[in-house]
Amino acid sequence: MNFLPEVFSKNAAMISGELVIGGCKTTSLAREFGTPLFVIDEGDFKFRIKSWKDALANNFGPSAGQVYYASKSFVSVEVAKWIAEAGIGIDVCTGGELAVALAANFPADRIEVHGNNKSEAEIAKAISVGVAKIVIDSMQEIERVNRLAAAAGKVVKVLLRITPGVEAHTHEAISTAHEDVKFGFSIASGAAWKAIAEAEGASNISLEGLHCHIGSQIFENEGFILATTRLIELAAKFHGQFNRELAELDLGGGYGIAYVAGDKTFDPDKVMSALAELVRSECEKHKLQVPKISIEPGRAIAGPTTTTLYEVGTTKDVELDGGISRRYIAVDGGMSDNIRPALYEAEYCAILANRTSSIAPINSRIVGKHCETGDIVIREIGLPADIGPGDLLAIPATGAYGRSMASNYNHMLKPAVIAVADGSARVILRRESEADLLALDVQEAPRTIK
Ligand code: LLP
């Protein structure tokens, strides 16, 4: 329950018994902007973008491709501007994410478009704005992209998403490169090779390279190593068959971050230096030139930068078997602003943010305010026994897949996101209002549909 610098953002600290982020007291932030509140440490976000950018550039030199920030982890127009200004790319996987990037005037030639079932409208939009690359995920999509590119009078650069058959060690729901998944073209089944031949023969597609993403919140190197090795093997087969080399390999994201005490973190420079060594030796083995290497970190950039502030509303002691009790501490948010514990059994930690307490910790569970037993923020945590209504709890590392997966379940209002830096705070996504919710309700006369 103590303040753990390794799970909080870079500019967070306990000062005079209170959590301060980016020079702003969290009690003042809660008062000014309300709770629940996502507080992004802007300096940390920018630092992390730069760390990944520099790590790729320094370790790959002329073979450095692009760092595409995975916007699904969290994006808003303001965040897209930070990404654009830092000079890296952005990965979007829906028309909505593309719309945010375009609203931020994101340079189209640094936008990469993903998605396993892009609509024709999404593909046409991507082609019309001139995105850097479309990552193709199915045979139908090869035909669609080719046809829509021809209609626009363009030749579109594409990568093929490859499934290298890797069992990544992470929660099954966020593991993406074993055989039985909806993503990509499998190497083992021959689908990858068929797709390569098809794309190579399509007149309005320029096959630039291969892509893979093995999963998310991964720490073990083996998965990354195996996927990279198999992709380079496939690139070598391509060279043998088509007598040209592929220009780019995009190795996706997935780098894990620390959520609770004892979790590891990745140092971008170390990760990229190991990857560069592997890519060089595999390319040498297959007598290939080192292609441009791109990566797509999402969580590793956004995750650690953000802290959620909740206000405690009620507490309740529940007797468990064996005479032990558990204190339920209910906060003013829950599964609508953080679905990860319910969906992936994700673990978080929390601290009392508004004061210090010397009262001994008791076995506690932090829950939300939804009508669900599974609405749990933290399943088990020791928290001071005097925590009660009005106290402020801070949950670190909620920047990735928190606000971006938020819902309106129980007609909850999605929380605001504010950016803090050097003692100032500003709203970058405002809190939803009841008017926002009600704006979708329509009373119309029935229309005959034939
Ligand atoms: N590239 C592609 C093609 C992806 O599908 C993803 C994530 C990423 C990059 C970024 O992965 P990251 O570096 O953030 O791990 N909602 C889940 C995570 C789903 C990830 C989906 N794809 C969670 O909350 O853990």
Side-chain angles (χ1 to χ4, degrees), residues 45 48-49 51-52 55-56 65-75 79 83 88-94 97 111-118 133-137 158-164 166 168-178 181-185 209-220 223-224 227 231 249-259 263 265-266 268 271-272 275 293-306 308 335 337-348 377 395 397-407:
F45 204 109
R48 285 171 188 280
I49 299 172
S51 306
W52 285 97
L56 186 76
Q66 187 67 272
V67 176
Y68 291 103
Y69 169 67
S71 66
K72 71 206 77 182
S73 61
F74 174 67
V75 78
V79 166
I83 305 288
I88 64 167
I90 197 162
D91 135 21
V92 299
C93 72
T94 60
E97 287 177 358
I111 300 177
E112 181 196 59
V113 178
H114 268 289
N116 71 303
N117 184 17
K118 305 168 192 75
K133 264 158 216 139
I134 297 181
V135 183
I136 291 187
D137 194 284
V158 306
L159 303 180
L160 293 179
R161 179 158 180 170
I162 304 297
T163 312
V166 171
H169 296 139
T170 185
H171 192 281
E172 192 193 345
I174 52 175
S175 179
T176 49
H178 47 291
V181 286
K182 67 173 181 171
F183 296 109
F185 300 100
L210 307 174
H211 168 279
C212 77
H213 170 76
I214 61 171
S216 203
Q217 184 62 1
I218 293 168
F219 286 106
E220 291 75 20
F224 291 116
L231 232 55
L249 292 185
D250 183 332
L251 300 171
Y255 309 106
I257 62 161
Y259 285 95
D263 278 356
T265 50
F266 270 124
V271 180
M272 287 303 115
L275 194 63
I293 299 295
S294 296
I295 52 167
E296 304 167 338
R299 187 191 315 265
I301 291 177
T305 65
T306 302
T308 303
M335 67 196 301
D337 59 74
N338 190 355
I339 191 66
R340 300 193 67 257
L343 209 50
Y344 318 117
E345 294 166 36
E347 293 186 345
Y348 286 86
V377 181
I395 317 277
T398 56
Y401 309 108
R403 178 61 177 75
S404 73
M405 293 177 82
S407 76

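Since the model is a prediction, treat every value here as computed from it, not as a measurement. Just the heavy atoms: all of them, side chains too, but no hydrogens, waters or symmetry mates, feed the values below. All ligand and atom numbering here is 1-based and tracks the order in the structure.
Checked by atom type and distance alone, the side chain of Gln217 pairs as donor or acceptor with a backbone atom of Ile257 at under 3.5 Å.
For Thr306, there are no side chain to side chain donor-acceptor pair (under 3.5 Å) partners, not counting sequence neighbours. With sequence neighbours excluded, the residues forming a salt bridge (charged side-chain N to carboxylate O under 4.0 Å, His left out) with Asp91 are Lys72, listed by chain and number.
For ligand 1 and Gly253, the ligand atoms under 4.0 Å from any heavy atom of the residue are 9 (C), 13 (O). For ligand 1, the atoms sitting less than 4.0 Å from at least one non-hydrogen atom of His114 are 3 (C), numbered in the order shown with element in parentheses. Close approach of ligand 1 to Arg161 is summarised as follows: ligand atoms under 4.0 Å from at least one heavy atom of the residue are 3 (C). Every atom of ligand 1 is numbered from 1 in the order shown, and the set under 4.0 Å from a heavy atom of Asp91 is 1 (N), 9 (C). Against a heavy-atom cut-off of under 4.0 Å, Gly298 is close to the following atoms of ligand 1: 12 (P), 13 (O), 14 (O). For ligand 1, the atoms sitting less than 4.0 Å from at least one non-hydrogen atom of Ala70 are 8 (C), 9 (C), 10 (C), numbered in the order shown with element in parentheses.
Using a 4.5 Å cut-off on side-chain heavy atoms (C-beta onward), Ile301 and Phe45 make contact. Contact annotation: the side chain of Val135 never approaches that of Leu160 to less than 4.5 Å [non-hydrogen atoms, C-beta and beyond]. Contact check for Tyr348 versus Thr398: side-chain heavy atoms found under the 4.5 Å cut-off.
Counting heavy atoms under 4.0 Å from ligand 1, residue Arg340 touches it through the side chain alone.
Under a 4.0 Å heavy-atom criterion, Pro297 is in contact with ligand 1.
Considering all non-hydrogen atoms of both residues, Arg299 and Ser73 come closest at N-CB, 3.9 Å.
Close N/O approach between Glu296 and ligand 1 is found [any backbone or side-chain N/O within under 3.5 Å]. Considering both main-chain and side-chain atoms, Ser216 comes within under 3.5 Å of ligand 1 through a nitrogen or oxygen pair. In terms of polar-atom proximity, defined here as any N/O pair under 3.5 Å, Ser73 makes no such contact with ligand 1. Remark: ligand 1 and Gly254 share an N or O pair separated by less than 3.5 Å (distance only, no angle test).
Under 3.5 Å, the side chains of Glu97 and Ser71 contain a donor-acceptor pair of N or O atoms.
Aromatic pair Tyr69/Trp52: ring centres not closer than 6.0 Å.
When the options Met405, Gln217, Lys72 are ranked by their closest heavy atom to atom 5 (O) of ligand 1, first place goes to Lys72.
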